[in-house]
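Report on one structure; see the data block that follows.
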Number of protein chains: 2
Amino acid sequence: MDDPRWLNETEMAAWRGFVAATNLVARRLERQLKEDAGLSHTQYEILVQLSAAPGGSLRMTDLADRLITSKSGLTYQVTQLEKAGLVARRSCPSDVRGVFAEITDHGWEVLRAAAPGHVAAVREALIDVLTPAQLAALAESLGTVSDRLRAADS
Amino acid sequence: MDDPRWLNETEMAAWRGFVAATNLVARRLERQLKEDAGLSHTQYEILVQLSAAPGGSLRMTDLADRLITSKSGLTYQVTQLEKAGLVARRSCPSDVRGVFAEITDHGWEVLRAAAPGHVAAVREALIDVLTPAQLAALAESLGTVSDRLRAADS
DNA sequence: ACTGCAAGGTTCAAATTTGAACTACAGGTC
DNA sequence: GACCTGTAGTTCAAATTTGAACCTTGCAGT
C-alpha cells in the first residue's frame, strides 16, 4: 500500500458531505419515526418492503437483501414487529426451512398512519432542499454506487 | 397531515439511492477498517478529527459536534480508545468541567497505518465510481443538505 | 455573595447490532 | 440410497448506541 492516492479537494468534499449527510439524515428520520409512529427506521423499512411485495410477504432472506442488515438483525426486528402484531411469520410451503414475513392488517394501518409524516420528514431533510436537477444527478450517482456495491457483495 | 405530497419517480429514486448507498458504504468501510486496522469507523473518525485539530486535541463537545454521535456514545468510544492507548484525556485549564481528548503518538501511528487502506476503500466504494462532474455535484448537494440539518439542529 | 439555570461529561439500564456458531433441511453427485 | 456441500433462520454472547438521570461547575442577574 505504498504511495496512496489521497483525495483531492472535490473528492474530499464529496466524501465529507456524504458522511455528514448520511449520519444527520439518519438521525433525523430515526427520531421522527420513533416519536410520531413508535417505529425505528429499520422497522419502517421492513413494513414498506412487505407492503410493496406481492401478497404482502417476503422470505426472510429476500427481506434481508432489500434492507441492508445482517440476518440476525432482521430476525430480531421481525420478532419485535411480530410481538407488536404488525407482522406475522408463516412457513414456506415449498421449502420447510423458509420463513415468510407477512404484514398484518394492523401493520398496514400503522404504515399508512406513519407514511405521511415520514415522507414529509424526508422532503424536509433531503428532497426539498435540492433542485430537480440536483435530485436527478443524485439519483443517478447513488444508484450507480449502490449497484456496484451490491454486485461486489454477491 | 392530509393530502401529503408523495415522492415522484426521480425523488423516490434519489431517496432509495441515498438509503441504499448510505448503508452499503457504511457497512463496507466498517468491515474494511475493522479487518485492516482494528478500528470502528467512529473510532477512525475520532482520530482523524483529533489529528486535524491544533495540538491534536479537542474538547469532548467539539468532537461530538464534528462526529455525529450522542455525547454518551462519544464518552464510550473515547474510553475505548483511551484503553487502547490511542487517545488520552486531559482536563481543561480554563474550565474545570471541560475535558480534552488528545491523540497520542501511538494514535498517530495507528492512524497513519490505517489511512492508506481506508482511502483506497473510500475510492473503491464511492469516489472512483463517479465522474469528476458527478463528484462535484454530489459534494455540493450533500454539503447543502448537511449544512441545513446542522443549522436545524442548533 | 446568593439564586437559578444552563452547559460539560459521565453513568446507567435498556434496546439494538453484529458475527460466529448451530440446527435443520435442500440439492446434486456417485 | 448414502454422502457432501450449501442454504435458511435462529440463537448466543459481546460490543455498541441511545436517551434520560445525574453531578459539577460556569455565569448572569440581582
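Every chain is numbered from 1, with letters handed out A, B, ... down the list of sequences.
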- Query: Do Trp15(B) and Leu47(A) share a hydrophobic cluster (ILVMFWY, side-chain heavy atoms under 4.5 Å, transitive)?
  - Reply: no
- Which is true for Gly98(B) with a 4.0 Å heavy-atom rule: it touches a base, it touches only sugar-phosphate, or it touches nothing? sugar-phosphate
- Message: Here's a test of your reading of the structure: between Val96(A) and Ser70(A), which maps to the more 5' nucleotide of DNA chain C?
- Response: Ser70(A)
- Note: Glu45(A)-Arg66(A) ion pair, threshold 4.0 Å (strictly below): no
- Task: Look at the side-chain N and O atoms of Arg59(B) and state whether any lies under 4.0 Å from the OP1 or OP2 oxygen of dA7(C).
- Result: no
- Query: Arg31(A) or Met60(A): which one's nearest nucleotide on DNA chain D is closer to the 5' end?
  - Reply: Met60(A)
- Message: Can you see if the side chain of Gln77(B) gets near the phosphate of dT17(D) - specifically, an N or O under 4.0 Å from OP1 or OP2?
- Response: yes
- Please check the phosphate of dG6(D) (OP1 and OP2 only) for any side-chain N or O of Arg97(A) closer than 4.0 Å. no
- For Thr42(A), report the nucleic acid contact type (base, sugar-phosphate, nothing); a contact means any heavy atom under 4.0 Å. sugar-phosphate
- Item | Short side-chain N/O contact to dT18(C) OP1/OP2 from Arg27(B), under 4.0 Å | yes
- Step through the shown structure and confirm whether more than 12 heavy atoms of other residues, nucleotides or ligands are within 6.0 Å of CD on Glu140(B). no
- Message: Expressed as a whole number of angstroms, how long is the span from Phe100(B):CZ to dT10(C):P?
- Response: 13 Å
- Task: On DNA chain C, check which nucleotide each of Gln43(A) and Lys71(A) is closest to and give me the residue with the more 5' one.
- Result: Gln43(A)
- So what does Ser72(B) touch, heavy atoms closer than 4.0 Å: a base, only the sugar-phosphate, or nothing? base
- Which atom pair, heavy atoms only, marks the closest approach of Thr104(B) to Ala88(B)? CG2-N, 3.9 Å
- Short side-chain N/O contact to dG9(C) OP1/OP2 from Thr61(B), under 4.0 Å: yes
- Taking atom C1' of dG9(C) as reference, at what distance in whole Å does atom CG of Asp65(B) sit? 14 Å
- Looking only at side-chain N and O atoms, does Gln80(A) come under 4.0 Å of OP1 or OP2 in dA15(C)? no
- Query: Hey, which of Leu24(B), Leu126(B), Thr22(B) is the one that makes side chain to side chain contact (heavy atoms under 4.5 Å, CB included) with Val145(A)?
  - Reply: Leu126(B)
